[in-house]
A.B. asks: 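Questions regarding the structure given below will be posed in turn.
No hydrogens, no waters, no symmetry mates; every other heavy atom, side chains included, goes into these values. Keep in mind it's a predicted model, so treat the numbers as computed, not measured. All chains are named by letter (A, B, ...) in the order of the sequence lines, taking the proteins before the strands, and each is independently numbered beginning at 1.
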Amino acid sequence: MKLFTGNKLAVTAKIIFVSISLALLGLLAQSAFASGEGLIAGFIALSMLALALVYFTKISIPMKFFLPGILFLIAFVVLPILYTLVMSGFQFKTGNYVDKPQALERIVADSYVPDDSGLTFDVIVGETAQGEPALLATDYMAGEYFLSTEDSLTPLDESQVTIDPDLGIAVETDGFTRLDPDTLAAQGEALAQLKFAGPGEYFLALEGFEVAIPLKPGLVYDEATDSFTQAQTGAKYVDNGRGNYANIEDPEDKLSPGWRSPIWLENYVSLVTDPKVREPFIGVFIWTMVFSILTVITQFSLGLLVALALDKPLRGRRFYRIIIILPYAVPSIMSILIWGGMFDTEFGAINALLGTKIAWFLDPNFARAAVIIVNLWLGFPYFYLISNGALQAIPAELSEAARIDGASNRQIFWQITLPLLLRILTPLLIASFAFNFNNFNLIFLLTGGGPRNDLDGEIAGATDILISYTYKIAFGSQVQDLGLASAISVVIFILVAAISLYGIRRSKVLEEFI
Amino acid sequence: MKWLRENLWRHGVAIFAVLFAAFPLYLVVVTSFASSGSLQLTSFIPNEISFVNYEKLFNDPTIPFMTWMWNSLIVAGSVAILSVIIGAASAFAFSRLKFKGKKLGLQTLLLIQMFPAILAIAAVYLIMEGIGNFAPEFGLGTQSGLILVYLGGAMGVNIWLLKGFVDSIPIEIDEAAKIDGASEMQTYWQIFIPLASPVLAVVTLLSFIGTFNEYILARLFLVDMDIRTVAVGLQQFVAGQYSENWGAFAAGSIIASVPIVLIFLSLQRYIVSGLAGGAVKG
Amino acid sequence: MKSKKIVGLAITLGLAASSLLGALPASANDKVITVWADESRGPNLLKTLGSVESQKGGEWVAGYKVKVVAFSSFDALKTAVDNVTKDGPDIIVGANDWVATGAQNGKLAPYTPSASVRRNFNPNNWFDLTYKGKIYGVPVDVNNVAMLVNTKLTGKRPATLGEMVDYYLKNKTSKGLKAGLCVAGGGMSWGAHSVLSALGGGAYPIRNAVVDTRQNPVPAAVATNIQNLFLDSKGASNGFFPASDTGCKDNFLAGKVPYAIIGNWEWKDYADKGFSMNNLMAVPGVRKGTFGAAFGSVSGAMLTSFAEKNGNDAAAKSLLSNFFASEKGQVAYQKFEQRPPANKAAAAKSSAAQKGFGGAAATASVPQIGAILNGSSGNPSYWDALPSFWNDVLVKKVAPGTAVAKLNEVFKKNIVAGMKTL
């Protein structure tokens, strides 16, 4: 008798499934390639290769189980991490945000300067009898009219034009046909690229479909030398190697926008040498460790205490349990915000309850306490649930045997139950530590990292953990420095990796688990 | 007397925990029934019972709350189920198969969880914008795109969690199967999956809750009103720069919590035993 | 078991296939201008302009429809704009404080308003949208705050800050007041400028509409005034002015706070509770007849550099002039927006509340100069420094003299740095 059935069917199904997946991925790779997303196309192609190798050969059996997970992990976790790593070598901050082609495009697009007086013309877009594009322009202030094509400017006097009584601008003249709205919509953008003849040294360009402005060249780009020359002053701007075109004479005179450019290890060096970066970093790192460890200890202690209390049949146990797991079920984004309101100094429920006037979020230590309390509330139900489960799993004989040997309840707990529990739960405690180490939502929504005394030049807030601090540097309101933030992320990662690996080596339980 | 000594502290601890757990939630309930739209922080006794906030959620055409609920259910549900399906296979391999680099793999997985991934927003945005160029159905502004991203993120946590749970299933069973001539795949599908189903259910639920709460990425991806999830919809009531509508927020939160609480309560025994199983090595 | 697997497979494949079909590009017939807006302006714009499907096209720009994308928060909008590389919007609508960063990062593109558009607005409004001499959009509506007095409590509008403090100290216990004056709208930095100003300080001294670099922004007199008005004899806060804005709105509405600084984007919340918008005023100063200046800034519709890439540059500029900046457009938008319109002709048609805010602004206001306020590298911004200052003097009992001197130094540095980039 064959115990394990369906081998053939399963294999057939597998082949069909994998083939179809490959075909679909192939289609995707193709269209990705066609739309110029070469990197993504390459990634999909590599995934296809890996899938085919793993599922059609016997190259590695474990890989058959891992591959789908690994592919997702690489695409949406590992690649972004690598991106962070790359960006940490860049000058990548406000003012140097886009890539060089985009910055160049922007500078070129803005390189024409309008007349200083702010002169503008109301125009009607149309064409001449010869079918050339033309603008019928009105200088509203001066009461002058003219017709402008790419080649010539023809002044018109009031008698030659029909003036719209409401708008006070010329709308018709001989030999000029106004474009109807549909044609204007279809051709307008192309027309907006044209340089119409303008007064003096200026040319006219459309600024919208109703207005034209006189422009003259300001900066002239020379592709051969990759430099800009200021048309009026003759100043020359060259790539300064740090993401800007800078004036040769005056390096501080830069063209905007700049682009992100490689500066290699500079962001890392500033972490060591710049006290304004280094000191908050160390402070935040210490608090992050303290916060994560305290969180795990307090959550676990209260959870365990409640689990111990409810370990025996007790009147009302079901009710207790329902209420106690509620914090776990309510969306945490909501409960964190509510707690934030409850800790308010003047109007909050906590002070009202205690009869105090503590400025919870304005004093570093109270703010830290508040963060721990809120996180305790959020997390103890989870630890209650797992401790409860673990307690039930500890064989009753153990404690009974101890009791027969004359051990007190207290001794049984400290010497038998707790060590066993810790052994069982260590992996989950570690997972919880890792989660809280990066518990962005809590800090971001509760204190925003504060309090922070800016007047004393503090850069990081008292409750800022590394991830919220990094977020502030990268996406904060003032100067955003994604390069530095990336470097900090990488350093954090190295530190944490070192600590965790050391911890794993030292801890027998974990060693066994892994 | 004996009863007192045995049980008094138990009730004491339980009552403390209940009060601690319930107090903020009580304020939420009071707020949701107040018409002022502001957070009721100090009125411990409700001074009115008004349903305007609830009516707003269900009747205001600009707040498609039930659509948001549905969206959350779809997104979090798909992520939870798919990530557990994919993650379970990896966890099984980590737990049961012997291969080179297993230790390294597990450690890497743990470390990846510790990477401060907030900057990844920029990279993820780039990737999804790229995908949107050739497969708009999976790009920015789509739930399916968000699901893909979540799947990547959920993988590490779930494999790590599942591995712990899976370790608890006695290895003797699959060893017996091996002796009977089962391949790894057969052991996985025909022995392991049925045995692990309670555990898988628990991790699915945990994963569901985690995804349900996420809003940082969701608010970037799900911009259009009728594809937003509840978390995005709710945070806009209070996290805006100009307005705080705590009443609607509280009412919405309560309604959003209901399905999770119900699942929790109905599966309570299951969850406890699943968690216990996960926590206890066989 | 088998059949289940096959069903699963079929479902997966079906999903994958249908998604591929859906991936076919939509028809590109309609020309559409895309507008991204934050959670406050977005929904109102959407109501004004209607969904793309409901438009017949050409309402505001011949041959074009307008697609409004309302983000769920300003943060989300900002992150999206920061990160988007190809599929960006043509126009962004939001607070003007984004102009400097957007321009520096090459995300915004300059726009030159025509003379007729330009003269419809107060010159300050254009200044708010200018970075390094270039204008990046058009003013849509005006953002400001004013002080609302609960005359049911106080009986009258106060003439000096001292009068308000006296009222608070006298009635604190009898009326169960939670605070005297608090900031309900705009936060402890933007919204609280009028309080700092009422005390005799400010982010920058303005003389004849230009920043005066020689004077101290926060003179020593501010310390004396804080000591006399906000602190008790032991140097602790007397409770008149809380250092945080949490709960201010609730308590004002509940009659527990007689004076509150409220934002003009949410005056309806107060009007609905029976507060008369005739009791809006600027925060009175220490001496009779002086008032604290609040920031006045504009919401801007800003042109992006994506417009050109999207092939919508001229159309987007037309939309800026024809809809966002025009009287007709602003009047239409006003049906849904609580802030008063920036366009002068449209403003003339605004409501009593909007006129109340306008009146307060006319009494005392100060332009919002991002280049100075946002701080220079290594120096805290105005936005971060002022809340810390309140915290120092009102909570931590730092001697007002010390705190004022520190704040003054920070502001002075920012003025020097900011003036260079103007």
A.B. asks: With rounding to the nearest 0.5 Å, note down the distance linking CG in A/L482 to CG in C/N83.
C.D. replies: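 Here the rounded value is 7.5 Å.
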A.B. asks: When you compare the side chains of A/E210 and C/S318, does any donor N or O come within less than 3.5 Å of an acceptor on the partner?
C.D. replies: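 Yes, side-chain donor-acceptor contact under 3.5 Å.
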A.B. asks: Can you tell me if C/K86 has over 12 outside heavy atoms packed within less than 6.0 Å of its NZ?
C.D. replies: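 More than 12 within 6.0 Å, yes.
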A.B. asks: On a heavy-atom basis, which atom in A/R106 and which in C/G106 lie closest, and how many Å separate them?
C.D. replies: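 For A/R106 and C/G106, the tightest heavy-atom pair comes out as CD-O, 3.5 Å.
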A.B. asks: Check whether A/T94 reaches the backbone of C/T101 with its side chain - one donor and one acceptor, N or O, closer than 3.5 Å.
C.D. replies: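 No; judged by distance alone, with no hydrogens or angles, the pair does not exist.
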A.B. asks: So which residue, C/A62, C/A100, C/A179, C/G239, ends up with the most heavy-atom pairs under 4.5 Å with chain A?
C.D. replies: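 Most heavy-atom pairs within the cutoff with chain A belong to C/A62.
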A.B. asks: With only heavy atoms counted, which part of C/L108 is less than 4.5 Å from chain A, the side chain, the backbone, both or neither?
C.D. replies: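 For C/L108, the backbone is the part near chain A, not the side chain.
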A.B. asks: Counting only heavy atoms closer than 4.5 Å, note whether C/E409 contacts chain A via side chain, backbone, both or neither.
C.D. replies: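 For C/E409, neither part sits under 4.5 Å from chain A.
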A.B. asks: Please report the C-alpha distance between A/Q480 and C/K78 in whole Å, then the side-chain angles of each, then the deciding distance to 0.1 Å, and finally whether the side chain to side chain contact (heavy atoms under 4.5 Å, CB included) criterion is met.
C.D. replies: CA-CA 12 Å; A/Q480 311 174 341; C/K78 197 170 117 351; 2.7 Å; yes
A.B. asks: Counting only heavy atoms from other residues, nucleotides and ligands, does the tally under 6.0 Å from NZ of C/K413 exceed 12?
C.D. replies: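 Counting other residues, nucleotides and ligands, NZ of C/K413 stays at 12 neighbours or fewer.
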A.B. asks: Side chain, backbone, both or neither: which part of C/K256 has a heavy atom under 4.5 Å from chain A?
C.D. replies: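 Nothing of C/K256, per the 4.5 Å heavy-atom cut-off to chain A.
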A.B. asks: Where does A/L362 contact chain C at under 4.5 Å (heavy atoms): side chain, backbone, both or neither?
C.D. replies: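 The answer is both parts of A/L362.
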A.B. asks: For the candidates C/D313, C/D392, C/D82, which exhibits the highest count of non-hydrogen atom pairs separated by less than 4.5 Å from chain A?
C.D. replies: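 So the answer, after comparing C/D313, C/D392, C/D82, is C/D82.
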A.B. asks: Using a 4.5 angstrom heavy-atom cutoff, name the option from C/N312, C/L386, C/V410 with the most pairs to chain A.
C.D. replies: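 Among C/N312, C/L386, C/V410, the one with the most close pairs to chain A is C/N312.
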A.B. asks: What's the spacing between C/R118 CZ and A/T120 OG1 if we round to 0.5 Å?
C.D. replies: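 It is 7.5 Å, given to the nearest 0.5 Å.
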A.B. asks: Do any N or O atoms from the side chain of A/E189 and from the backbone of C/A314 form a donor-acceptor pair under 3.5 angstrom?
C.D. replies: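 Flag set: sc A/E189 to bb C/A314 pair under 3.5 Å.
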A.B. asks: Heavy-atom distance under 4.5 Å to chain A: side chain of C/V61, backbone, both or neither?
C.D. replies: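 Only the side chain of C/V61 comes within 4.5 Å of chain A.
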A.B. asks: Of all heavy-atom pairs between A/P257 and C/N105, which one has the smallest distance, and what is that distance?
C.D. replies: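 The pair with the smallest heavy-atom distance is CB-C, 4.0 Å.
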A.B. asks: Can you check whether C/V395 reaches A/F361 side chain to side chain, under 4.5 Å on heavy atoms?
C.D. replies: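 Of all side-chain heavy-atom pairs linking A/F361 with C/V395, none is under 4.5 Å.
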A.B. asks: Looking at C/K397, I want to see if its NZ is surrounded by more than 12 non-hydrogen atoms of other residues, nucleotides or ligands under 6.0 Å.
C.D. replies: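 Open: at most 12 neighbouring heavy atoms sit under 6.0 Å from NZ of C/K397.
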A.B. asks: What option among A/F209, A/F121, A/W259 has the most heavy-atom pairs under 4.5 Å with chain C?
C.D. replies: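 Maximum pair count with chain C is reached by A/F209.
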A.B. asks: Answer yes or no: are there more than 12 heavy-atom neighbours, outside A/L194 itself, under 6.0 Å from its atom CG?
C.D. replies: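 Yes, the 6.0 Å shell around CG holds more than 12 heavy atoms from other groups.
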A.B. asks: Does C/K31 reach the main-chain N or O of A/A185 with its side chain, forming a donor-acceptor pair under 3.5 Å?
C.D. replies: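 Indeed, once roles are kept as given, a pair shorter than 3.5 Å links the two residues.
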A.B. asks: Is A/N96 in contact with chain C via its backbone, its side chain, both, or neither, using a 4.5 Å heavy-atom distance?
C.D. replies: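 For A/N96, backbone heavy atoms alone lie under 4.5 Å from chain C.
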A.B. asks: Could you tell me which of C/C182, C/G57, C/S321, C/A315 has the largest number of non-hydrogen atom pairs under 4.5 Å with chain A?
C.D. replies: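 The candidate making the most pairs under 4.5 Å is C/A315.
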A.B. asks: Given side chain to side chain contact (heavy atoms under 4.5 Å, CB included), test C/K107 with A/V98 step by step and report yes or no.
C.D. replies: CA-CA 8 Å; C/K107 300 286 184 181; A/V98 289; 4.3 Å; yes
A.B. asks: What's the spacing between A/D110 CG and C/K134 NZ if we round to 0.5 Å?
C.D. replies: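 The NZ atom of C/K134 is 4.5 Å from CG of A/D110, to the nearest 0.5 Å.
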A.B. asks: As an exercise, state the distance from CG of A/L215 to OG1 of C/T112, rounded to the nearest 0.5 Å.
C.D. replies: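 The distance works out to 7.0 Å.
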A.B. asks: If we define contacts as heavy-atom pairs under 4.5 Å, which of A/G95, A/P181, A/A212 has the most with chain C?
C.D. replies: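 Counting heavy-atom pairs under 4.5 Å, the top option is A/G95.
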A.B. asks: Under 4.5 Å from any heavy atom of chain A, what part of C/P387 do you find: side chain, backbone, both or neither?
C.D. replies: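 Contact with chain A: none, neither part.
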A.B. asks: Return the CD to OH distance between C/Q104 and A/Y97, rounded to the nearest 0.5 Å.
C.D. replies: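 These two atoms lie 12.5 Å from each other.
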A.B. asks: In terms of heavy-atom pairs under 4.5 Å, which option from A/K93, A/M141, A/E105 contacts chain C the most?
C.D. replies: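 Ranked by contacts with chain C, first place is A/E105.
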A.B. asks: Go through the atoms of A/A186 and report whether side chain, backbone, both or neither lie under 4.5 Å from a heavy atom of chain C.
C.D. replies: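 Contact with chain C involves the backbone of A/A186 alone.
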